[in-house]
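First, the structure itself, so that you have it in front of you.
Since we're looking at a predicted model, the values are computed, not measured. Numbers restart at 1 for each chain; the letters A, B, ... are given by sequence-line order, proteins then strands. Excluded from the calculations below are hydrogen atoms, water molecules and symmetry mates; all remaining heavy atoms, backbone and side chain alike, are included.
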2 protein chains.
Amino acid sequence: MLVADRSEDDPLLLDRQVCFPLYAATNLLTRLYGPILSGLGLTYPQYLVMLVLWEEDLQTVGALGARLYLDSGTLTPLLKRMEKAGLVRRERDQNDERRVLVSLTPAGRNLRARALQVPEVLANGYPAGELENLRLTVSEMVTELARHRVGKLSDQALPADKAGKA
Amino acid sequence: MLVADRSEDDPLLLDRQVCFPLYAATNLLTRLYGPILSGLGLTYPQYLVMLVLWEEDLQTVGALGARLYLDSGTLTPLLKRMEKAGLVRRERDQNDERRVLVSLTPAGRNLRARALQVPEVLANGYPAGELENLRLTVSEMVTELARHRVGKLSDQALPADKAGKA
DNA sequence: CGCATATAAATTGCGTACAATATCATTGCA
DNA sequence: TGCAATGATATTGTACGCAATTTATATGCG
């Protein structure tokens, strides 16, 4: 019996993975948001950046990344495209030239009114309680996953530390 | 009062969105899988393809896409990389030259034994019941989302149909 | 002050994702 | 048979997403 079993307790069955439905749901949701957001001139990650800025204008790239769990390698080009589209401004912090401050332009602020219909259209027909339940469950997982990678990652399964850090 | 309120019933608050935790969880999970899968020479989507092929070898590109909710624009280059890595074979179906059949090479089949430890390492410390609960909830949403786009999408919020389909 | 260290973004290289289009094979039907 | 319509992949172009590296600034410490 060298070949592993394909029975229902096989840990490699696609339908047993938690990661897969999350992955599929994210892809399907992105496709669902796509046509609606394109009417606002936004992509899905750009929409998330706008949500953060509409809550609190004038943030550093790092702060945006901390909120959205994205790093500068993703955010820098994305923000440049949003700047080119006239939605945000990017300028070096005068008090700390390492930082870049991102803020809304008037056009970016005004876009908010049109964006108000987005959640409305998307929720369309879904029972609110079920969505709220899903949101809470997945949010807890996000908190857990974010805690799991303190420094970077690569320490989620290492048995012994190599260099003394005590 | 032209400016919309930012109170807790503001529908645009990031923490009220269902889409965001799904997005964040997927990104964090991909980062978590990354280092583990790279030991197997796989990326995360490639791992998913392998899961499908380990369950059922010899599938068309379309069948893989239907299972993973991905289209040929994503799968074709991905499968070519996996072919170059020696994990799968791609060959035209002799009975229907439009189709491309994807099958495992011996190396691809053998990789399964090493992959068995992946779910083990990842689940590490998580209560199984909680994961199972999350999996079921998100899976239901995937089913819903997949149903919502029958032909393509673009019909999830149209108020009146233009051409009679009755 | 002078320099090692740390921090914040930007850059590079690679691998997805997806819409739109193109290519080629198959099928249906006059 | 011939050809229009359909179907299955492939290609193109744009936009992420991330690891690793680089650049520039700030800070700490002798």
Side-chain angles (χ1 to χ4, degrees), chain A residues 23-39 41-49 59-66 68-85 90-102 149 151-154, chain B residues 23-39 41-49 59-66 68-85 90-102 149 151-154:
Chain A
Y23 169 85
T26 299
N27 286 345
L28 289 168
L29 265 178
T30 301
R31 259 173 276 182
L32 199 58
Y33 272 87
I36 297 165
L37 292 178
S38 78
L42 292 172
T43 64
Y44 179 68
Q46 289 172 12
Y47 172 68
L48 293 179
V49 168
Q59 304 214 25
T60 64
V61 173
L64 286 172
L68 299 174
Y69 304 100
L70 295 173
D71 66 4
S72 71
T74 299
L75 284 174
T76 295
L78 187 153
L79 291 169
K80 283 184 177 176
R81 281 185 288 269
M82 294 177 75
E83 184 180 39
K84 192 179 296 183
R90 293 166 60 248
E91 46 193 348
R92 290 277 163 189
D93 184 342
Q94 289 307 311
N95 299 106
D96 185 342
E97 294 273 352
R98 291 173 302 181
R99 298 169 188 255
V100 167
L101 291 171
V102 182
R149 37 164 236 124
K152 191 82 175 219
L153 33 114
S154 68
Chain B
Y23 170 85
T26 299
N27 286 345
L28 290 167
L29 264 179
T30 302
R31 260 173 275 182
L32 199 58
Y33 272 87
I36 297 166
L37 292 178
S38 78
L42 291 172
T43 65
Y44 179 66
Q46 288 172 12
Y47 172 66
L48 293 180
V49 168
Q59 305 214 23
T60 65
V61 173
L64 287 171
L68 299 174
Y69 304 100
L70 296 172
D71 65 3
S72 72
T74 299
L75 283 175
T76 297
L78 187 154
L79 291 169
K80 283 184 178 176
R81 281 186 286 271
M82 294 177 74
E83 184 179 40
K84 192 180 298 182
R90 294 166 59 249
E91 45 193 348
R92 290 278 164 188
D93 186 341
Q94 289 308 311
N95 299 105
D96 185 341
E97 293 272 353
R98 292 173 303 180
R99 299 168 187 254
V100 169
L101 292 171
V102 182
R149 37 165 236 122
K152 192 79 176 215
L153 35 114
S154 68

Exercise. Taking only residues two or more places apart in sequence or in another chain, which ones pass salt bridge (charged side-chain N to carboxylate O under 4.0 Å, His left out) with B:Arg90?
Worked result: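 Only B:Glu83 meet the salt bridge (charged side-chain N to carboxylate O under 4.0 Å, His left out) criterion with B:Arg90.
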For this session: Round to the nearest Å and state the distance from B:Asn27 atom CG to C:dA17 atom P.
Result: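 Atom-to-atom, B:Asn27 to C:dA17, this comes out as 10 Å.
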For this session: Give the nucleotide from the list C:dA17, D:dT9, D:dC18 with an atom nearest to the side chain of B:Pro45.
Result: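 Nearest to the side-chain atoms of B:Pro45, counting from C-beta on, is C:dA17.
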Problem set entry | Footprint string (nucleotides 3-8 of chain D, 5' to 3'): B base within contact, S backbone only, - free, heavy atoms under 4.0 Å | ----BS
For this session: Would you kindly give the OH-to-P distance between B:Tyr47 and C:dT16, to the nearest whole Å?
Result: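 Atom-to-atom, B:Tyr47 to C:dT16, this comes out as 15 Å.
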Problem set entry | Nearest-angstrom distance from the residue atom CD1 of B:Ile36 to P of D:dA19 |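 Interatomic distance, CD1 of B:Ile36 to P of D:dA19: 13 Å.
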For this session: Whole angstrom is fine here: how far is it from CZ in B:Arg81 over to C1' in C:dT16?
Result: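 Taking atom C1' of C:dT16 as the reference, CZ of B:Arg81 is at 7 Å.
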Problem set entry | Non-hydrogen side-chain atoms of B:Leu70 and A:Tyr23 separated by less than 4.5 Å |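 B:Leu70 reaches A:Tyr23 side chain to side chain.
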Problem set entry | Test side-chain contact (heavy atoms from CB on, under 4.5 Å) applied to A:Ala63 - qualifying residues, sequence neighbours left out |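 A:Gln59, A:Thr60.
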Exercise. Is the shortest side-chain N/O distance from A:Thr43 to OP1 or OP2 of D:dC16 below 4.0 Å?
Worked result: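 For D:dC16, OP1/OP2 do have a side-chain N/O of A:Thr43 under 4.0 Å.
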Problem set entry | Spacing between A:Leu75 atom CG and D:dA15 atom C1', to the nearest angstrom |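 About 13 Å, once rounded to whole Å.
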Exercise. Under 4.0 Å: is that the gap between some side-chain N or O of B:Tyr23 and OP1 or OP2 of D:dG17?
Worked result: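 For D:dG17, OP1/OP2 do have a side-chain N/O of B:Tyr23 under 4.0 Å.
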For this session: Establish, with yes or no, whether the OP1 or OP2 oxygen of D:dT11 is under 4.0 angstrom from a side-chain nitrogen or oxygen of B:Lys80.
Result: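 True: B:Lys80 side-chain N/O within range (under 4.0 Å) of D:dT11 OP1/OP2.
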For this session: Can you tell me the distance, in whole Å, between the CG atom of B:Leu28 and the P atom of D:dA19?
Result: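 In whole Å, D:dA19 P and B:Leu28 CG are 11 Å from each other.
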Exercise. Relative to the 5' end of DNA chain D, which residue comes earlier, A:Glu97 or A:Asp71, by the nucleotide with the nearest heavy atom?
Worked result: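 Upstream on the strand: A:Asp71.
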For this session: Look at the side-chain N and O atoms of A:Thr76 and state whether any lies under 4.0 Å from the OP1 or OP2 oxygen of C:dA10.
Result: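 Yes, within the criterion.
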For this session: Specify the separation, in whole Å, of atom CG of A:Asp93 and atom P of D:dA26.
Result: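 About 9 Å, once rounded to whole Å.
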Exercise. OP1, OP2 of C:dA10 versus side-chain N and O of A:Arg90: anything below 4.0 Å?
Worked result: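 Checking C:dA10 against A:Arg90, a side-chain N or O does come within under 4.0 Å of OP1 or OP2.
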Exercise. If we only count heavy atoms from C-beta on, is the B:Tyr69 to A:Leu28 side-chain gap below 4.5 Å?
Worked result: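 Heavy-atom side-chain distance check passes, below 4.5 Å.
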Problem set entry | Side-chain heavy atoms of B:Leu79 within contact of B:Leu64, under 4.5 Å |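 In short, these two side chains touch, coming nearer than 4.5 Å.
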For this session: Give the angle between the helix axes at the two ends of the helix from C:dC1-D:dG30 to C:dA30-D:dT1, taking five base pairs at each end and rounding to 10°.
Result: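 Helix axis angle between the two ends: 0°.
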For this session: Check salt bridge (charged side-chain N to carboxylate O under 4.0 Å, His left out) between A:Arg92 and all other residues, then give those that pass, not counting sequence neighbours.
Result: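 Scan of A:Arg92 (salt bridge (charged side-chain N to carboxylate O under 4.0 Å, His left out), adjacent residues dropped) gives none.
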For this session: For A:Asp96, check salt bridge (charged side-chain N to carboxylate O under 4.0 Å, His left out) against everything at least two apart and list the hits.
Result: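 Once residues adjacent in sequence are excluded, the partners of A:Asp96 under the salt bridge (charged side-chain N to carboxylate O under 4.0 Å, His left out) criterion are A:Arg98, A:Arg99.
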Exercise. Nearest nucleotide by nearest heavy atom, which residue falls closer to the 5' end of DNA chain C, A:Arg92 or A:Thr26?
Worked result: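 Closest to the 5' end, via its nearest nucleotide, is A:Arg92.
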